[in-house]
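See structure below.
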Amino acid sequence: MKVKFTSIILLILMGMGASAQNLKFANPKDIALTPRQNNFRNKLDLSGIWKFKKDSANVGEKEQWFNGLEEFRSIAVPGSWNEQFTDMRDYLDWVWYETETYIPKSWKGEKIFIRVNDATYAAKIWVNGNPVGQHEGCHVPFAFTLNDFIKWDAPNRISIQVENILSPERVPTGNVPGSSLPNYPAANYDFFPYAGLNRSVLLYSVPDKAYIKDITVRPDFEGTTGKLDVLVEQNGVVRSGKIIVSGFGQEVVEPIIFKNGMANTVVEIPNVHLWSPDTPDLYDVTVVLNDGENTVDEYSLETGVRTVSVTENEILLNGKPIFLKGFGKHQDYPINGRGTALPVMVKDFELMKWTGANSFRTTHYPYDEEFYHMADREGIMIIGETPAVGLFFSGDSVQEDKRQEICMQYMHEMIYRDKNHPSVIMWCVANEPSDKASLGFSSAVRKTKAEKLRAYKKFEEHFKMAKALDPTRLVMYVGVMMGPKDWFALTDVIAINRYYGWYTSPGNIEMGANVIGKELDKLHEKFKKPCMVTEFGADSYPGFHSEQLEMFTEEFQKEFIKAYLDVADSREFVTGMHIWNFADFKTSQAIIRFGGYNYKGVFTRDRKPKMAAHYLRERWNSEAVKE
Ligand code: BDP
């Protein structure tokens with residue numbers, strides 16, 4: 001009866017045309033586990049060439065383009081449309097993507113999902129002309145069930161409408177009146193607003209009767225015994241199951257009993273191998289759902305046992321001080337744009353290790369999931385950052401509330417997706433948020449005490465949410481030059497982006513180093529927290545040299561980086577230095593962005609080392625870990 005009723009409603013909706021279509025919003029919980037292929041689950045990657053069509057007047061929905069695109073062109077998925085088409089570099093309005101696929105017969109009787117790993121910025125999905133759902137927000141996955149809409153023994157048409165309209169109500173923000181970053185397209189951030197299906201689109205299936213919906217593994221250890229606090233959530237009423245933790249010749253099995261769909265147990269691992277950059281030792285955690293004798297579902301993930309904490313001066317990994325050496329990065333590469341290109345990712349890990357780096361921040365958005373799996377295995381630590389860049393609290397409460405809502409959604413999506421990776425040691429809730437619409441260092445807007453407090457309270461919500469979702473990791477934000485200092489009261493680690501000697505006192509490295517040194521001293525004295533410089537650097541045009549230090553040369557960039565690293569070395573409480581940037585990257589057009597690029601990379605955009613990269617390799621590889 002229920003099925004028939006749903007079908008009738010759907011038929012009515014379809015008959016009523018597009019205007020009546022009500023596309024539900026995605027539920028962040030549905031992306032908690034990476035889709036996997038095993039004996040109980042299936043996965044079909046729809047990467048490839050899709051049909052593509054521009055919809056500049058936004059008529060596609062009304063004209064029911066979800067019933068099949070006419071006069072389309074071909075586009076690669078994953079990839080950004082701005083790089084693939086010469087006429088669409090700056091186009092950010094509506095487009096349609098379409099592909100067709102059979103769904104294997106063997107999936108019959110299972111629950112079937114579509115998972116879009118990144119549709120920047122907003123997307124709506126139809127399958128076989130039926131409205132499936134929608135999502136807002138960039139660089140995070142979303143998923144919907146498809147069972148009501150699919151056909152067996154025939155191709156299924158998947159239509160996705162995407163747009164990347166820049167708006168002050170969105171995060172990241174764009175088209176902000178009076179922005180201190182005049183550029184085109186008018187992104188309120190310093191990277192190109194690459195749009196489209198930047199990551200893979202998957203279909204996957206899970207057992208219909210009951211399936212494992214989420215697994216949260218919280219690691220700890222005491223002496224030589226590892227402790228994994230494992231929380232399993234199922235979608236069904238299976239009563240029991242087990243958790244198997246295996247690795248290094250050991251296997252520990254713990255039975256679990258579900259209550260209201262949840263089961264929680266602590267698995268102890270004797271003679272535990274701890275995860276660290278030097279020993280990136282991983283365990284397999286397998287969860288099995290059992291209905292009597294029968295296994296109903298099974299899911300395995302790789303994780304590691306390690307703890308993260310802070311003292312007044314240090315970040316501790318497994319109780320020992322660590323120093324973060326590394327970079328801010330981008331998912332950016334010629335032609336791929338922001339599209340995931342796995343060979344580029346692998347090469348980036350190679351090059352990070354070649355320089356002697358041990359960490360990076362996912363500036364300025366969560367990266368493709370593969371980065372985190374790779375970092376777990378390679379022993380690279382990650383600061384996982386939300387897409388909250390260019391965020392501001394200037395007093396327009398309607399806009400602020402909308403931004404706040406999307407930021408909270410991002411926090412759920414990022415932490416649900418990335419919570420089990422030992423490589424992720426900190427969450428960064430925002431890059432350079434400000435209490436003014438324009439960036440701190442160029443604005444003279446004065447705020448009243450009450451306005452400042454209001455902004456502080458709003459921003460505090462981000463920390464509360466991150467801590468509530470994950471009490472095991474450090475939470476930080478990254479402060480902008482001349483931004484509000486009192487916000488550092490909220491953070492576990494003081495992280496600042498500084499460009500003294502570049503944007504201020506340009507050309508004067510000595511003065512720049514002096515200023516940052518003094519500022520770090522003051523911050524530490526006031527807040528008594530470990531400090532890190534999450535961005536510092538200078539543009540260098542590849543192959544541009546000079547005898548005497550001159551801005552934009554490779555020599556200047558190298559000396560700038562050296563001076564800042566020296567400042568850090570002379571201070572016990574500086575616990576990490578991340579250079580901006582790993583590689584040159586594409587930006588909007590602006591007078592400070594020659595040819596539409598940010599040249600602060602120590603590697604070129606096609607990953608050739610500049611002088612600074614060679615310098616880092618020498619310095620970082622010869623350094624004993626700072627203790
Ligand atoms: C910082 C931003 C970063 C920019 C960098 C720069 O966090 O996104 O690319 O400045 O100006 O303020 O190079």
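Counting convention: from 1, in listed order, for ligands and their atoms alike. All residue numbers refer to positions in the sequence shown, counting from 1.
- In this structure, R498 does not count as a contact residue of ligand 1, since none of its heavy atoms falls inside 4.0 Å of the ligand.
- Listed for the T311 side chain is a donor-acceptor partner under 3.5 Å among the backbone atoms of N313.
- Proximity to R593 (heavy-atom distance under 4.0 Å) selects the following atoms of ligand 1: 6 (C), 11 (O), 13 (O).
- Pairs passing the side-chain hydrogen bond (donor to acceptor under 3.5 Å, both in side chains) check and including a residue from residues 580-591, sequence neighbours excluded, read D584-K610.
- Residue contacts with ligand 1 include Y503, since one of its heavy atoms falls under 4.0 Å from the ligand.
- Each of the atoms 3 (C), 7 (O), 8 (O) of ligand 1 lies under 4.0 Å from some heavy atom of H364.
- Judged by the shortest distance from any of its heavy atoms, F585 lies inside the 4.0 Å radius around the atoms of ligand 1.
- Looking at K529 and F488, their side chains never come closer than 4.5 Å, going by heavy atoms from C-beta outward.
- Residue pairs meeting the salt bridge (charged side-chain N to carboxylate O under 4.0 Å, His left out) criterion with at least one member in residues 414-426, sequence neighbours excluded: D214-K419.
- The closest approach between any non-hydrogen atom of F191 and ligand 1 is not below 4.0 Å.
- The two residues E312 and H524 make their nearest non-hydrogen contact at O-NE2, 3.2 Å.
- Only the side chain of E535 comes within contact range of ligand 1, with a heavy atom under 4.0 Å; no backbone atom does.
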